Trainee: 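I have a structure here, written as structure tokens, and I will follow up with some questions on it.
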Amino acid sequence: MTGITSERRAPLAERLGIRLRDVGAGADPAVLLGLALRRNPRRAQLLVSQVLGKHVPTDPRLVRAAGLLLGGLVADTLAGTPLRPLPVAGLHAAVRGDREAAAQLHAEAEQAIGREPGALVLGFAETATALSHCVAEGLGGAACLHSTRRPVPGYAVAGGFTEEHSHATHHLLLPADPALLHSGGPLVLVDDELSTGRTALNTITALHRTAPREHYVVAALVDVRPAGNELVDGVAALGARLDVVALARAAIELPADLADRAAALRAEFGDALPPPPVPPPHGREPRVPTVALADLGW
């Protein structure tokens with residue numbers, strides 16, 4: 001990912017030829033998302049969440065509130081009740097920097113936490129690790145596990161799957177207690193963005209072979225899947241039910257020459273792009289970067 005995001009967001013979208021359209025109820029995806037350019041041959045663009053707290057500085061009350069709100073939608077789905085209305089005006093105001101709105105949004109989301117429904121929450125590394133914990137908290141403190149890209153000595157691999165468009169495609173599951181995946185209750189898969197649904201389907205298919213269950217839920221901050229029911233139908237073919245919830249739904253339109261446009265922009269920006277990380281020479285300690293502190297008023 002490059003460092004070019006918010007201040008060049010509109011021109012970047014125009015020059016890449018990317019269009020984002022609101023296609024459903026909930027928050028406005030144009031408010032929740034920005035756009036960045038990537039050094040990735042599989043995907044030239046990155047949709048940057050304004051509520052995730054991973055890529056751009058974000059009020060932590062807004063970050064936690066977004067996860068709790070998403071957890072609330074999951075709770076309604078598991079209970080079989082109509083989805084609660086989202087506080088869209090307050091969410092939009094908080095994203096735009098209104099600190100009072102962020103505080104109120106956080107307080108209301110915290111008060112709405114209900115009882116734990118017996119579900120297991122699974123977050124996708126690296127982006128949705130913290131988000132998955134917030135969703136689990138919104139579910140009354142549900143058990144939570146997130147994937148990792150690397151093996152850890154002393155922990156057995158309990159499962160794995162692939163993320164086809166990622167810079168690092170392989171995910172591993174290393175629960176401290178392998179029985180966690182065999183609870184039989186609903187499984188909630190959490191990600192910041194649901195783009196095609198292939199990663200979710202790969203995950204469900206892999207886990208269903210060894211720990212089948214009747215109900216799966218995919219929860220994302222923004223759902224930008226193309227029209228169709230491939231994900232739901234794919235899970236149905238396994239003999240299970242799938243529901244999808246999101247704070248916002250959108251359609252993203254990508255031009256056929258996106259890769260060429262992105263390459264031209266990377267060449268144009270040149271030195272404005274941070275260089276790829278270079279590992280330290282063998283036997284030498286990595287250089288420790290200088291850290292500056294700032295009071296953001298949170």
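From a predicted model like this one, the values you see are computed outputs, not experimental measurements. Residues take their numbers from the sequence shown, with the count starting at 1.
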Trainee: Take L189 and V217 through the side chain to side chain contact (heavy atoms under 4.5 Å, CB included) test and state the conclusion after the steps.
Mentor: CA-CA 6 Å; L189 292 84; V217 179; over 6 Å; no

Trainee: Counting only heavy atoms from other residues, nucleotides and ligands, does the tally under 6.0 Å from CZ of R84 exceed 12?
Mentor: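 Buried by this count: over 12 neighbours within 6.0 Å.
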
Trainee: Going by heavy atoms in the side chains, are V95 and L62 under 4.5 Å from each other?
Mentor: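 With C-beta onward as the side chain, the pair touches.
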
Trainee: Restricting to pairs with a member in residues 225-237, which pass side chain to side chain donor-acceptor pair (under 3.5 Å), not counting sequence neighbours?
Mentor: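 Applying side chain to side chain donor-acceptor pair (under 3.5 Å) to every pair that reaches into residues 225-237, excluding sequence neighbours, yields D223-R225.
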
Trainee: Test side chain to side chain contact (heavy atoms under 4.5 Å, CB included) on T205 and L238; report intermediate values, then the result.
Mentor: CA-CA 8 Å; T205 301; L238 300 174; 4.0 Å; yes

Trainee: Mind checking whether L83 and T77 have side chains closer than 4.5 Å, heavy atoms only?
Mentor: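 The answer is yes; the side chains approach within 4.5 Å.
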
Trainee: Is there a side-chain contact between V56 and Q50, using heavy atoms and a 4.5 Å cut-off?
Mentor: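 When only atoms from C-beta onward are counted, Q50 and V56 do touch, with a gap below 4.5 Å.
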
Trainee: Going from NE2 on H182 to CG on L120, what distance comes out if it is rounded to the nearest 0.5 angstrom?
Mentor: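 Spacing of NE2 (H182) from CG (L120) equals 11.0 Å.
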
Trainee: Evaluate the side-chain proximity of E193 to V224: yes if any heavy-atom separation is below 4.5 Å, no if none is.
Mentor: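 When only atoms from C-beta onward are counted, E193 and V224 do touch, with a gap below 4.5 Å.
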
Trainee: Of all the heavy-atom pairs spanning L201 and G234, show the shortest one and how long it is.
Mentor: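 Looking at all heavy atoms of both residues, the closest pair is CD1-C, 3.8 Å.
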
Trainee: Would L35 and L46 count as a side chain to side chain contact (heavy atoms under 4.5 Å, CB included) if you check the C-alpha gap in whole Å, the side-chain angles of each, and the deciding distance to 0.1 Å?
Mentor: CA-CA 6 Å; L35 185 68; L46 177 70; over 6 Å; no

Trainee: Nearest 0.5 angstrom please: Q45 CD to L12 CG, how far?
Mentor: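 These two atoms lie 10.0 Å from each other.
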
Trainee: For P175 and L145, which heavy atoms make the closest approach, and how far apart are they?
Mentor: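 Shortest heavy-atom contact: CA-CD1, 3.9 Å.
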
Trainee: Backbone N or O of A94 within a donor-acceptor pair of the D98 side chain at under 3.5 Å?
Mentor: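 It does not hold such a pair.
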
Trainee: Applying side chain to side chain donor-acceptor pair (under 3.5 Å), can you list everything that pairs with H106, at least two apart in sequence or on another chain?
Mentor: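 If we apply the side chain to side chain donor-acceptor pair (under 3.5 Å) test to H106, skipping adjacent residues, the hits are R64.
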
Trainee: Under a single-linkage definition using a 4.5 Å side-chain heavy-atom cutoff for Ile, Leu, Val, Met, Phe, Trp and Tyr, are L91 and V23 assigned to the same hydrophobic cluster?
Mentor: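 No, it is not one cluster - the side chains of L91 and V23 are not joined through contacts under 4.5 Å.
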
Trainee: Hey, what else clusters with L68 if you join Ile, Leu, Val, Met, Phe, Trp, Tyr whenever side-chain heavy atoms sit under 4.5 Å?
Mentor: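 L68 shares its hydrophobic cluster with I113.
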
Trainee: Checking the side chain of D191 only, and the main-chain atoms of L194 only, is there a donor and an acceptor separated by less than 3.5 Å?
Mentor: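 Judged by distance alone, no pair lies under 3.5 Å.
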
Trainee: Are L37 and I252 connected into the same hydrophobic cluster when the rule is that any two of I, L, V, M, F, W, Y join if their side-chain heavy atoms are below 4.5 Å apart?
Mentor: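 Linked, I252 and L37 end up in one cluster.
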
Trainee: Does any pair with a residue in residues 188-214 pass ring pair (Phe, Tyr, Trp, His ring centres under 6.0 Å), and if so which ones, sequence neighbours excluded?
Mentor: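 Qualifying pairs: H208-Y216.
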
Trainee: Looking only at non-hydrogen atoms, find the nearest pair between L180 and A143 and report the distance.
Mentor: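 Result for this residue pair: CD1-CB, 3.9 Å.
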
Trainee: State which residues pass side chain to side chain contact (heavy atoms under 4.5 Å, CB included) with P117; sequence neighbours excluded, sorted by chain then number.
Mentor: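 Checked P117 against side chain to side chain contact (heavy atoms under 4.5 Å, CB included); matches are L78, A119, L139.
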
Trainee: In Å and rounded to the nearest 0.5 Å, what is the CG to OG1 distance from L173 to T148?
Mentor: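 If we round to the nearest 0.5 Å, L173:CG and T148:OG1 are 9.5 Å apart.
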
Trainee: Any side chain to side chain donor-acceptor pair (under 3.5 Å) pairs touching residues 21-32, not counting sequence neighbours?
Mentor: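 Qualifying pairs, neighbours excluded: R21-E253.
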
Trainee: Test of understanding: clusters of I, L, V, M, F, W, Y form through side-chain heavy atoms closer than 4.5 Å, transitively. Do V63 and L69 belong to the same one?
Mentor: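 No, V63 and L69 fall in different hydrophobic clusters.
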
Trainee: Test of understanding: with salt bridge (charged side-chain N to carboxylate O under 4.0 Å, His left out), list the residues that count as partners of E108, not counting sequence neighbours.
Mentor: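 Checked E108 against salt bridge (charged side-chain N to carboxylate O under 4.0 Å, His left out); zero matches.
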
Trainee: With sequence neighbours left out, write down each residue that passes side chain to side chain contact (heavy atoms under 4.5 Å, CB included) with T81, or none if nothing qualifies.
Mentor: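 D76, A79.
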
Trainee: Using a strict threshold of under 4.0 Å (side-chain N to carboxylate O), is an ion pair present between K54 and E126?
Mentor: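 Looking at E126 and K54, the cut-off is not met.
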
Trainee: Can you sort out the partners of D257 under salt bridge (charged side-chain N to carboxylate O under 4.0 Å, His left out), two or more places apart, ordered by chain and number?
Mentor: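 Expected list: R261.
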
Trainee: How about L52 and L221: do any of their side-chain heavy atoms sit closer than 4.5 Å?
Mentor: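 Side-chain contact under 4.5 Å: yes.
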
Trainee: Heavy atoms only: give me the nearest P255-G17 pair and the separation to one decimal.
Mentor: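 Result for this residue pair: CD-O, 3.2 Å.
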
Trainee: Quick test of your reading: applying ring pair (Phe, Tyr, Trp, His ring centres under 6.0 Å), list the pairs with at least one residue in residues 237-261, sequence neighbours left out, ordered by first then second residue.
Mentor: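 Of all non-adjacent pairs touching residues 237-261, none passes ring pair (Phe, Tyr, Trp, His ring centres under 6.0 Å).
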
Trainee: Checking S183 against R213 for the side chain to side chain contact (heavy atoms under 4.5 Å, CB included) test, could you report, in this order, the C-alpha distance in whole Å, the side-chain angles of both residues, the deciding distance, and whether it holds?
Mentor: CA-CA 9 Å; S183 62; R213 60 193 75 222; 3.8 Å; yes

Trainee: Answer yes or no: is there a donor N or O on one side and an acceptor on the other, between the side chain of R149 and the main chain of A125, under 3.5 Å?
Mentor: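 Yes; at least one donor-acceptor contact below 3.5 Å.
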
Trainee: Do you know the tightest heavy-atom contact between P226 and S195?
Mentor: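 That closest heavy-atom pairing would be CD-O, 3.5 Å.
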
Trainee: Is there side-chain contact between V188 and L122, with at least one heavy-atom pair below 4.5 Å?
Mentor: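 In short, these two side chains do not touch, never coming nearer than 4.5 Å.
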
Trainee: Counting C-beta onward and ignoring hydrogens, is there a side-chain heavy-atom pair between L16 and L254 closer than 4.5 Å?
Mentor: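 In short, these two side chains do not touch, never coming nearer than 4.5 Å.
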
Trainee: Once side chain to side chain donor-acceptor pair (under 3.5 Å) is applied, do any residues pair with H92, and if so which ones, sequence neighbours excluded?
Mentor: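 Partners of H92 by the side chain to side chain donor-acceptor pair (under 3.5 Å) criterion come out as none, since no residue qualifies.
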
Trainee: Less than 4.0 Å between a side-chain N and a carboxylate O, is that true for R241 and D243?
Mentor: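 A salt bridge links D243 with R241.
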
Trainee: So does R38 get a backbone contact from the side chain of R266, meaning a donor-acceptor N/O pair under 3.5 Å?
Mentor: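 Flag set: sc R266 to bb R38 pair under 3.5 Å.
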
Trainee: Side chains of D192 and V222, heavy atoms from C-beta outward: is any pair under 4.5 Å?
Mentor: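 Heavy-atom side-chain distance check fails, nothing below 4.5 Å.
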
Trainee: Can you list every ring pair (Phe, Tyr, Trp, His ring centres under 6.0 Å) pair that touches residues 130-158, not counting sequence neighbours?
Mentor: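 Listed by first then second residue: nothing to list.
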
Trainee: When you check the gap from the basic side-chain N to the acidic O, do R61 and E110 get nearer than 4.0 Å?
Mentor: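 Looking at E110 together with R61, the answer is no, because their closest N to O distance does not fall below 4.0 Å.
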
Trainee: Give the minimum heavy-atom separation between G26 and L86, together with the two atoms involved.
Mentor: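 Heavy atoms only, the tightest pair is CA-CD1, 4.2 Å.
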
